[in-house]
Amino acid sequence: MKLLAWNILGLVLIFLGGMAFAQDPDWSALGKAWWSHVEYLADDSLEGRDTGSAGFEKAAAYMADQFRMAGLQPAGVDGYRQPMDFDVVRFDESRSALALIRDGRVQPVRIGDDAILGVNPRAAERVEADAVFVGYGLTVPELDYDDLAGLAVRGKIVVFITGGPANMSGPIKAHYESSEERRKALVKAGVIGTISIGNPKAAEVPWSRIAASRFQPRMDLREPGPGAAPPLGMSVAFNPEHAEMLFAGSGHTFAEVLAAVNGEQPLPHFPLAVKVRAQLGMTRSQVRSENIAGLLPGSDPTLTDQYVVVSAHLDHLGVGAPVNGDRIYNGAMDDASGDASLIEIARAIRNSGTRPKRSILFLSVTGEEKGELGSEYFAAHPTVRGPIVADINMDMYLPLFPLKYLEVQGLGESTLGDDIRAVCAESGVQVQADKEPEHNRFIRSDQYSFIKKGVPSLAFKFGYIPGTPEEKIFKAWYAERYHAPSDDVNQPVDLAAAAQFNDILRKLALRVADAGQRPAWKPDSFFRRFAQQSSQ
Ligand SMILES: [Zn+2]
């Protein structure tokens, strides 16, 4: 009898479950609840939530409060907070200069128009050295590829074009193109400075916005994790439209280099006919900021010590160069949208009464815009004791139109790709692989701090079919709003679609937290190496 009763109850539950799914939740109401957090976090009064700013502190207090109200346990080191210290360096243009010296003649380089100078705590105040063009400036040991091979670069400044050879596979290229990996190889070769030239074809933002970014303070963790790459003495980013001046007299032109890049031909490597002279003015300070961590403990006595991290970044760019009279970089999509999702996903799980087997850690990190520093700190100093088995990261997933396609970064790399496929199939959403692998998005947000520790991870963007109006909306958003003051609450956003995204992420987190096996890298994944390294 009992068994039969259970069976009938089971059938009723399955039936009810089917009904619930057919009868959609009120996406519009859920979308409005999600948007209310974005409105708070991206309000002008939070002044763009710059790491270490008063506006960030308001945002952090809001997140801790919301985590508490969503029933999450404090999982920082001071309540929900995990504080950390940063060294801050600001560029002082009045004490800076850049010039090329050719046959003893000094040609000034206009800072802003022609190039920008980067700062870091160990940058040199004066540098003068010969320059060498080194193609893509990549060193990839496992492919026996070395742009520095046979070139005298010790004590010199290397000039390179961003990107990498067309025939190099996406993840390898993405990993070695990261500024950290490049720097490791260049510092090892004795290079003292770099001049990077962005490939205009792959540019996400116009030069004017890159030029404006030079006034953003540079921050470094006071206590970085082990293995962090040492900074270079000088780093310059050159305007590709004015890059020809670097090549004059060398027997080569930048046009020739670009033609080789676009024609997928090997790039020439050669000494340039100029010395580069840089004088760098910097002001130094220190700030403290924090990650906010909230825990939903797992219900399984064994699996509760394993953690599924769901993350987003709380910081944005603060107050900066005005665009159309607006100086506040509100960061509504980047990434208040992700923090709002953290809150709504936690609330939805609590409201459903579900207890996952593994623990789920909701993590809102600081310092992402400074180089994924908050997540790097967390990965080096986790506030939970057991293994972190997955990171599901939300950074600027761009709910700008209905959710029919979900683009997943890292889709083919781990079993998490199978999980997101299953969840999306259930919700009638089609999964897409990264359509623009040349933008390296899989390694450009906080998930990479976890990936480098061996943790399988995923990141997301709303997907579209190329050639449709959705593609236009997506691309226009990058051109007009990405890292601009217009990424604020006065932009068109599809609230119902954001709520549907939250629902998919909630299902994904629960599926991973309840699975018999923890997620694993695919045997042929490039990123699997980090799991092997960290288990040694
Ligand atoms: Zn950003």
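We number each residue from 1, following the sequence as shown. Atoms within each ligand, like the ligands themselves, are counted from 1 in listed order.
Here the side chains of Q286 and V88 are not in contact, with every heavy-atom distance at 4.5 Å or above.
Ion pairing between a basic and an acidic side chain is recognised when a charged N comes within 4.0 Å of a carboxylate O; E344 and R347 show such pairing.
The aromatic ring centroids of Y464 and F474 lie less than 6.0 Å from each other.
Looking at residues two or more places apart in sequence or on another chain, you find a salt bridge (Lys or Arg N to Asp or Glu O under 4.0 Å) between D114 and R110. Every residue meeting the salt bridge (Lys or Arg N to Asp or Glu O under 4.0 Å) condition with E290, not counting sequence neighbours, appears here in chain and number order: R81. Among residues two or more places apart in sequence or in another chain, the salt bridge (Lys or Arg N to Asp or Glu O under 4.0 Å) test is passed with R506 by D503.
Closer than 2.8 Å to the Zn ion (ligand 1) sit the protein N, O or S atoms D334 OD2, E369 OE1, E369 OE2, H483 NE2.
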